[in-house]
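Some notes on the structure that comes next.
Atoms within each ligand, like the ligands themselves, are counted from 1 in listed order. In this chain, numbering begins with 1 at the start of the sequence shown.
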Amino acid sequence: MSKTIAINAGSSSLKWQLYNMPEEEVIAKGIVERIGLNDSIFTVKYGDGQKFEKVEDIPTHELAVQMLLDELINLNILASYDEITGVGHRVVAGGEIFKESVVISEEVLKKIEDLAELAPLHNPANAAGIRAFKAILPDITSVAVFDTAFHSTMPPVAYRYAIPTEYYEKYGARKYGAHGTSHMYVSQKAAEMLGKDIDEVKIITAHIGNGASITAVRHGRSIDTSMGFTPLAGVMMGTRSGDIDPSLIPFLMEKEEITDVNEMIEVLNKKSGLLGVSDTSSDMRDIIQARKEGNEKAQLAFEVFTDRIRKYIAQYFAVLNGADAVVFTAGIGENSNWVRTAVIEKMSWFGMEIDESKNVFGVEGDISTPDSKVKVLVIPTDEELVIARDVERLKRFE
Ligand code: AMP
């Protein structure tokens with residue numbers, strides 16, 4: 001039995017999940033938060049509900065990985081490092097280069113770093129995670145799983161922007177999308193749940209977490225998605241604006257006397273979305289609580305958020321010429337019946353109706369009425385499992 005670890009590295013965090021493969025059994029999982037800041041938080045969940053937590057300064061990703069491996073041994077989860085035979089890394093942007101998961105060589109890693117233009121917040125952090133593991137476990141199979149790969153099947157009509165062709169040809173200025181691993185996983189699960197072959201179904205997947213995107217999936221292939229050149233586009237998110245008129249950028253820069261365009265993009269990435277409109281929080285739980293207490297800005301933030309999701313779903317009914325199911329997944333999609341109801345209640349014309357007795361916290365599966373022509377499904381995503389499976393698959397080719 002070999003062990004595989006799935007890694008999702010952010011700029012100040014490292015989320016991980018350790019599997020026995022090929023059994024796909026989760027042995028332990030955890031997160032290191034606040035890497036590079038004071039009082040980093042290191043958490044491990046394992047066994048039957050055991051939890052280990054410590055708080056200390058962890059200045060780099062490499063130290064976070066070292067601490068993680070040491071702690072897995074201290075907690076008797078591993079007998080030695082050698083038990084880990086593979087590591088899979090989530091990488092947000094694969095551009096037009098990576099259309100599927102790959103074994104990471106030095107050349108691949110260099111390309112991932114070069115693709116930082118497409119995901120400036122994510123790729124450098126993903127690469128830092130990869131380098132940290134390479135330094136400590138240089139001999140194990142190391143695989144990159146790209147968020148954009150599932151969207152590589154999009155046709156030009158979906159991925160091209162209506163800007164001069166030479167910008168696409170010279171610089172790859174096009175839509176790439178993200179969250180592909182999640183959209184792929186839940187669309188396959190949805191086909192299973194509908195009792196149909198993936199080649200027969202049309203599914204609209206709504207990955208709604210702190211980051212959010214909607215995808216049109218025809219016969220198992222992504223044919224359009226809401227995120228764009230970078231993950232900033234599409235629906236409104238926790239702190240990202242989603243689609244806006246690009247003319248607002250120079251206008252606001254002038255009014256606010258912002259001279260560096262990166263500063264403006266930072267506002268759109270980190271200070272907008274739920275946080276920007278509500279002036280309260282980027283976290284949907286706080287928004288729901290605040291609107292219950294009569295906070296009007298939080299109410300508006302909730303309404304704009306659900307309006308944008310509904311509009312993208314409606315677009316994708318047109319792109320797909322109808323759909324068999326709409327799937328909700330990720331932190332908000334899986335957990336918030338309020339959001340699901342608000343999105344779907346104005347879509348009865350599209351043949352969707354939620355059975356509110358099923359639409360409760362913790363539900364999984366079909367939440368629509370028997371008469372609902374289009375099924376509304378809640379499916380927990382599992383990007384880590386897809387990553388572990390890809391490591392297992394690619395190990396054979398090493
Ligand atoms: P993710 O990025 O997928 O981890 O999702 C994070 C988002 O899920 C945050 O906005 C959370 O507030 C939201 N979330 C988690 N649990 C709930 C819940 N019970 N109700 C509403 N939102 C939730």
- Message: Below 30° counts as parallel, above 60° as perpendicular, anything between as tilted: where do the rings of Tyr176 and Phe229 land?
- Response: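 Rings of Tyr176 and Phe229: tilted, as their planes differ by 30° to 60°.
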
- Item | Option set Ile208, Asn210, Asp283, criterion heavy-atom distance to atom 6 (C) of ligand 1, minimum |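 Considering heavy atoms of Ile208, Asn210, Asp283, the nearest to atom 6 (C) of ligand 1 sits in Asn210.
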
- Query: Taking the minimum heavy-atom distance to atom 13 (C) of ligand 1, which of Leu274, Ile332, Asp286 ranks first?
  - Reply: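 Minimum heavy-atom distance to atom 13 (C) of ligand 1 goes to Ile332.
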
- Message: For the residue pair Glu303 / Gln299, report whether a side-chain donor-acceptor contact shorter than 3.5 Å exists.
- Response: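 Side-chain D/A pair, Gln299 to Glu303: present.
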
- Item | Contact check: Met284 vs ligand 1, nitrogen or oxygen atoms, below 3.5 angstrom |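 Yes; the residue has a nitrogen or oxygen that sits under 3.5 Å from a nitrogen or oxygen of the ligand.
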
Looking only at protein heavy atoms, identify the closest one to [atom] and say how far it is in Å.
atom                    : answer
atom 14 (N) of ligand 1 : Gly331 O, 3.6 Å
atom 18 (C) of ligand 1 : Asn335 CB, 3.4 Å
atom 21 (C) of ligand 1 : Ser336 CB, 3.6 Å
atom 23 (C) of ligand 1 : Arg285 CG, 3.7 Å

- Message: Under the ring-ring contact (aromatic ring centres under 6.0 Å, His included) definition, can you give me all pairs with a residue in residues 56-114, not counting sequence neighbours?
- Response: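 Checked against ring-ring contact (aromatic ring centres under 6.0 Å, His included) - neighbours excluded - the pairs reaching residues 56-114 are His89-Phe133, Phe98-Phe146.
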
- Inspect the contact between Glu106 and Arg131 and indicate whether a charged nitrogen and a carboxylate oxygen are less than 4.0 angstrom apart.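 Yes, Arg131 and Glu106 are salt-bridged.
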
- Query: Among Glu384, Glu383, Glu24, Glu23, whose salt bridge (charged side-chain N to carboxylate O under 4.0 Å, His left out) with Arg389 holds?
  - Reply: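 Result: among Glu384, Glu383, Glu24, Glu23, Glu24 is the only option passing the salt bridge (charged side-chain N to carboxylate O under 4.0 Å, His left out) with Arg389.
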
- Query: Counting from 1, what ligand 1 atoms have a heavy atom of Ala330 closer than 4.0 Å?
  - Reply: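 Selected atoms, number and element: 3 (O).
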
- Task: Using a strict 4.0 Å cut-off to heavy atoms of Gly209, name the atoms of ligand 1 that fall inside it.
- Result: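 Close to Gly209: 1 (P), 2 (O), 3 (O), 5 (O).
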
- Task: Report yes if some heavy atom in the side chain of Val91 is under 4.5 Å from a heavy atom in the side chain of Ile130; otherwise report no.
- Result: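 Yes. Closest side-chain heavy atoms under 4.5 Å.
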
- Could you tell me whether Trp338 approaches ligand 1 through its side chain, its backbone, both or neither, with non-hydrogen atoms closer than 4.0 Å?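 For Trp338, there is no contact with ligand 1 at all, from either part.
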
- Output yes when a side-chain donor or acceptor of Arg34 lies under 3.5 Å from a complementary backbone atom of Asp39, and no otherwise.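 Indeed, once roles are kept as given, a pair shorter than 3.5 Å links the two residues.
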
